[in-house]
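Notes to accompany the following structure.
Heavy-atom basis, side chains included; hydrogens, waters and symmetry copies ignored. Letters A, B, ... mirror the listed sequences (proteins, then strands); counts begin at 1.
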Amino acid sequence: MKDKVATLEQAVALVSDGDVVALQNMATQAAPMALVRELIRQRKRGIGLVVLVGGMAVDWLATAGVIDRLIGAAVTMEQFGLCQQYRRAVEGGRVRVEELSESLLNARLGAGARNLPFLPTRGALGTDLIALNPDNLQLIEDPFGGDTVLACRALVPDVALVHAHRADRYGNVQYEPTAIWPDIAIMPKAAKRVLVTVEEIVDTDVLRRNPDRTILPGFTVDAVVEVPYGAHPTSFFPNYGYDAVFHRRWTEVARDDARAKDFIDRYVLAPINQQEYLHAAGGAAALQRIADWEEGA
Amino acid sequence: MKDKVATLEQAVALVSDGDVVALQNMATQAAPMALVRELIRQRKRGIGLVVLVGGMAVDWLATAGVIDRLIGAAVTMEQFGLCQQYRRAVEGGRVRVEELSESLLNARLGAGARNLPFLPTRGALGTDLIALNPDNLQLIEDPFGGDTVLACRALVPDVALVHAHRADRYGNVQYEPTAIWPDIAIMPKAAKRVLVTVEEIVDTDVLRRNPDRTILPGFTVDAVVEVPYGAHPTSFFPNYGYDAVFHRRWTEVARDDARAKDFIDRYVLAPINQQEYLHAAGGAAALQRIADWEEGA
Amino acid sequence: MSDDWRSSPPAMDYSVDELMVTVLADQFHDGDQACNGMASFIPVAAFMLARATHAPELVWLASSVGLEPRPKRIPASTLEAPLWRDSVMYLEQYSDFWTYVLNGRWIGKFCVGAAQLDQYGNANNSVIGTDYHAPKVRLPGTAGLADLCSIGKQLYYWNPNHSPRSLVARVDFISGAGYLDGGDARERLGLGGGPQIVVSNLAVMDFHPDSKRMRLKSVHPGHTVEEVQAATGFELLLSEDGAPETQVPTQAQVRLIRDVIDPDGMRKRDLRRR
Amino acid sequence: MSDDWRSSPPAMDYSVDELMVTVLADQFHDGDQACNGMASFIPVAAFMLARATHAPELVWLASSVGLEPRPKRIPASTLEAPLWRDSVMYLEQYSDFWTYVLNGRWIGKFCVGAAQLDQYGNANNSVIGTDYHAPKVRLPGTAGLADLCSIGKQLYYWNPNHSPRSLVARVDFISGAGYLDGGDARERLGLGGGPQIVVSNLAVMDFHPDSKRMRLKSVHPGHTVEEVQAATGFELLLSEDGAPETQVPTQAQVRLIRDVIDPDGMRKRDLRRR
């Protein structure tokens with residue numbers, strides 16, 4: 001099998017301006033933040049972001065002017081509130097939203113993954129989402145005489161970004177038993193290219209001990225980068241929890257464009273690698289905080 | 001949660017004559033044979049059987065006159081050859097076949113599982129399968145102007161039969177890391193009722209140790225029966241391999257209707273419980289044979 | 001757990017979050033399968049309370065991932081691993097959760113919040129303002145709400161900030177279908193289920209069986225019908241029996257909520273946030 | 001493993017199963033992703049041989065379940081756990097395997113057998129006879145063949161029993177679409193990929209690039225064009241260079257097959273079965 005090991009720089013160089021980029025994550029969980037920071041460092045522009053539920057990553061990408069459209073079901077940092085930078089970008093017309101419910105996004109990505117022109121759902125009937133999006137959502141008749149359903153057009157992202165627990169150098173990617181979000185089950189299958197960060201690159205023999213935990217075969221992956229704590233400040237169970245202190249640090253500045261930009265300068269642009277980023281984010285004290293998630297509330 | 005523990009008799013009493021019954025298995029693997037034998041013992045009639053790839057179970061059900069139609073992609077005992085009793089029943093017009101490719105059956109069951117009228121596929125275009133089955137397969141246009149696809153009508157079996165590694169008394173069902181056949185991922189979700197045999201009924205706390213291995217939540221399951229070696233003579237990894245001796249014993253008689261019926265009398269009708277069945281099938285020697293699968297060829 | 005909740009006298013010192021928890025808890029029964037979403041401390045407390053008292057066989061699917069979990073107490077997020085501690089099953093989202101949800105036979109009850117809710121129970125979590133692409137406020141988005149509302153689920157709205165801004169005559173954007181224009185509009189579209197009740201910090205509302213307009217079901221102690229009406233952006237129907245006082249939590253319920261289920265008071269975050 | 005296969009001289013004592021294995025092995029290259037099905041000892045031996053010699057980076061998906069397995073040797077079933085020993089991944093069938101297969105970008109090469117194959121590469125594993133519902137012979141069924149044939153895969157047929165009954169002018173039932181009526185019939189239906197070669201116990205065939213009719217590519221040593229034609233139920237085209245002799249296995253290849261890959265001779269079962 002082909003060696004897929006890359007640096008963050010090499011991996012993100014596979015993203016072109018204007019690409020549709022799918023981000024695997026939930027509100028405060030499992031976001032491939034090291035790849036997101038590298039998108040900002042490489043000053044990508046005109047990116048269309050696909051998220052099921054996006055959090056701080058969306059805010060940062062909006063602040064840095066990387067994205068100009070979003071295809072997704074929700075953007076929120078859950079208990080830390082709305083993503084204020086994203087919100088301002090949408091309200092100011094700088095980011096255009098194609099809003100889809102979860103089953104609609106699943107159907108669009110599912111069709112993309114299976115090379116089908118569309119998949120039907122029953123979700124969202126009666127909502128205003130349908131009229132908003134005739135290019136991708138059409139009511140169709142059941143050829144067998146049953147109910148009308150909503151056809152959701154295939155979505156094939158140019159790139160999917162994923163953070164996972166471990167991989168071998170050939171891009172076989174493993175996930176520990178934990179919440180498996182829909183994005184991870186279909187985004188990488190639908191996308192043309194897949195970039196993966198992992199907590200650890202291991203020998204293939206380590207994967208062979210638990211073949212049921214392998215979620216992506218190497219042939220679907222274009223680059224794999226070892227980035228310990230690559231999901232910080234989002235959680236990555238069972239390895240670490242979300243960093244509440246860091247989330248609050250962001251929410252304190254995110255309503256102010258200048259302070260938000262300073263934050264990006266300090267935490268994204270200044271640190272030249274993951275180690276420096278973690279140091280800026282609080283170093284050993286931060287890692288201790290997120291290690292203790294199991295006992296914390 | 002509700003207690004779902006039942007005897008084989010009670011479980012199979014939930015099957016009515018004429019039902020469409022989905023059988024989770026592969027050619028020589030993981031068939032819920034104890035439930036199949038009980039279908040024969042209870043002299044069910046007019047059953048429509050759904051299999052992705054069926055093996056000896058289909059042969060037995062054909063011999064005993066339980067089934068009169070089959071919806072599936074293949075029937076074979078792999079290296080042990082064709083299912084001769086099934087073959088004769090079809091050639092004689094006693095069993096009618098609705099043949100579907102794997103992706104077509106997956107689409108029909110997938111639509112049933114998600115309460116959609118149909119799901120599209122690109123499989124089987126150009127084959128004679130489509131013209132044979134206008135009630136369930138229709139070519140439709142893509143509303144977004146793409147390629148024609150094949151709409152596969154939802155299939156909702158009345159009952160699904162599954163063998164699994166363990167369950168608690170509430171019907172939460174677990175599967176060990178091994179081959180996960182499509183049937184197990186969708187048949188029980190599509191069917192109206194689900195009957196499960198397991199190697200072992202365990203305390204719920206045992207399931208909590210590996211929540212990622214639970215494949216069916218209790219609320220989807222109607223009856224759970226503890227039947228050690230419930231898949232014999234098919235394999236059930238990692239617990240045991242297929243019983244090659246027993247398979248050959250069947251293939252030796254299966255071309256002869258009278259001898260096939262005698263075989264059913266001896267191995268299905270005469271043994272009053274699983275223990276007697278296993279004794280008839282070879283007892284400790286048989287269990288030793290199938291325990292050694294890992295070293296055997 | 002405790003069984004004295006049946007005979008326990010009314011609590012004297014309950015707070016409104018605890019009242020909302022007990023009102024919601026009453027909606028969930030043995031055999032129901034219920035699921036909470038993000039930032040849903042009050043619904044999670046309600047599920048846990050129901051299971052600890054009248055509905056031990058209420059099946060709880062924590063944040064669409066963890067089946068029958070045993071969290072130590074309500075943690076600081078209702079969508080993170082501490083909530084689904086000790087689960088019997090982790091549901092994979094695409095193949096498991098959404099299949100069971102779409103199927104229709106399972107997981108029938110959802111507690112949802114919405115930034116705007118209108119007189120026909122339509123919900124908006126998408127945008128405030130009339131121009132979708134240049135909104136006054138960009139809200140989080142519909143997430144799974146548009147699906148749950150259209151596929152026959154029973155929806156229990158909770159609203160910790162009853163005001164003319166959150167309860168409006170007509171939502172700016174339908175991101176979750178309620179009874180649409182009322183009457184049989186929902187039925188005509190072939191949609192089953194729908195909004196059942198709305199539990200706010202002032203009152204409990206339901207929907208008139210024919211017109212599907214929102215009506216006052218009970219008013220929380222210390223508030224009046226007039227006050228509730230003034231805090232609502234449309235005219236609330238009154239039910240025939242007027243508007244009785246909402247039943248208050250019992251002492252046993254309050255003890256369970258405070259001492260066992262949510263000792264860290266996470267449920268109060270739902271009130272503060274809006 | 002061994003690297004002397006490149007310079008190894010032709011084997012003198014190979015058997016036809018070994019010849020079929022080496023011919024098939026030549027079709028698989030570094031970077032290909034190939035998958036075997038049921039009762040496929042010869043294809044499995046071919047994949048294992050290719051990986052041990054010229055194509056170490058051929059990705060092998062064993063019986064649609066086990067990625068990159070390391071079986072000790074070919075076991076008695078090509079669709080059971082001993083074959084996918086030490087796999088890097090177990091592919092879940094519905095969500096993983098069929099998604100990757102349908103996608104089109106991955107798992108592009110399949111070895112398949114069929115009871116009947118016709119002059120345009122259409123395959124039949126369903127029924128012998130003209131009345132589908134009262135067939136002369138009920139065959140196993142299409143399984144995944146109908147899918148693989150229609151979704152752009154490259155198909156490598158192997159036929160251990162070259163005869164007018166297995167190679168027919170027109171299949172009784174198309175359970176796998178080849179080139180249909182020939183010419184651009186397949187293309188007009190929008191189907192990519194298609195049958196590449198047919199490896200039998202007598203010869204190797206491919207398909208004319210324009211007419212899509214089956215043509216003789218090479219004849220196995222010890223057999224003649226006339227013999228092959230007589231064993232075929234339709235007229236085989238001849239390629240311009242006549243019909244050269246099929247390249248025989250090298251001594252190193254035969255050693256690998258016999259001593260390492262398949263010491264139990266499972267590959268010979270494919271010949272006996274039909």
Under 4.5 Å between any side-chain heavy atoms of [X] and [Y], yes or no?
| X | Y | result |
| --- | --- | --- |
| C:Trp98 | A:Asn106 | yes |
| A:Glu78 | C:Ser77 | yes |
| C:Glu80 | A:Thr28 | yes |
| C:Lys136 | A:Glu91 | no |
| A:Ser101 | C:Leu145 | no |
| A:Val97 | C:Tyr132 | yes |

Per-residue contacts, residues 123-135 of chain A versus chain C, heavy atoms under 4.5 Å: A:Gly123, A:Ala124, A:Leu125, A:Gly126, A:Thr127, A:Asp128, A:Leu129, A:Leu132
What residues of residues 230-240 of chain A sit under 4.5 Å from chain C when you count only heavy atoms? A:Ser235, A:Phe237
Counting only heavy atoms closer than 4.5 Å, note whether [X] contacts chain A via side chain, backbone, both or neither.
| X | answer |
| --- | --- |
| C:Val127 | neither |
| C:Ser87 | neither |
| C:Ser95 | neither |
| C:Tyr90 | side chain |

Applying ring pair (Phe, Tyr, Trp, His ring centres under 6.0 Å), which residue pairs with at least one partner in residues 126-152 of chain A are found, sequence neighbours left out? none
Hey, could you give me the CZ/CD1 distance between C:Phe97 and A:Ile180, rounded to the nearest 0.5 Å? 15.0 Å
Output all residues satisfying ring-ring contact (aromatic ring centres under 6.0 Å, His included) with A:Phe118, sequence neighbours left out; order by chain, then residue number. none
So, the side chain of C:Gln93 versus the backbone of A:Trp181: is there a donor-acceptor pair under 3.5 Å, distance only? no
Minimum heavy-atom distance [X]-[Y], with the two atoms named:
| X | Y | result |
| --- | --- | --- |
| C:Thr142 | A:Glu99 | N-OE2, 2.8 Å |
| A:Trp293 | C:Ala81 | CZ3-CB, 3.7 Å |
| C:Ala76 | A:Gln79 | O-NE2, 3.3 Å |

Of C:Leu79, C:Leu102, C:Val171, the largest count of non-hydrogen pairs under 4.5 angstrom with chain A goes to C:Leu79
If you tally heavy-atom pairs under 4.5 Å against chain A, which of C:Ala177, C:Ala143, C:Gly141 wins? C:Ala143
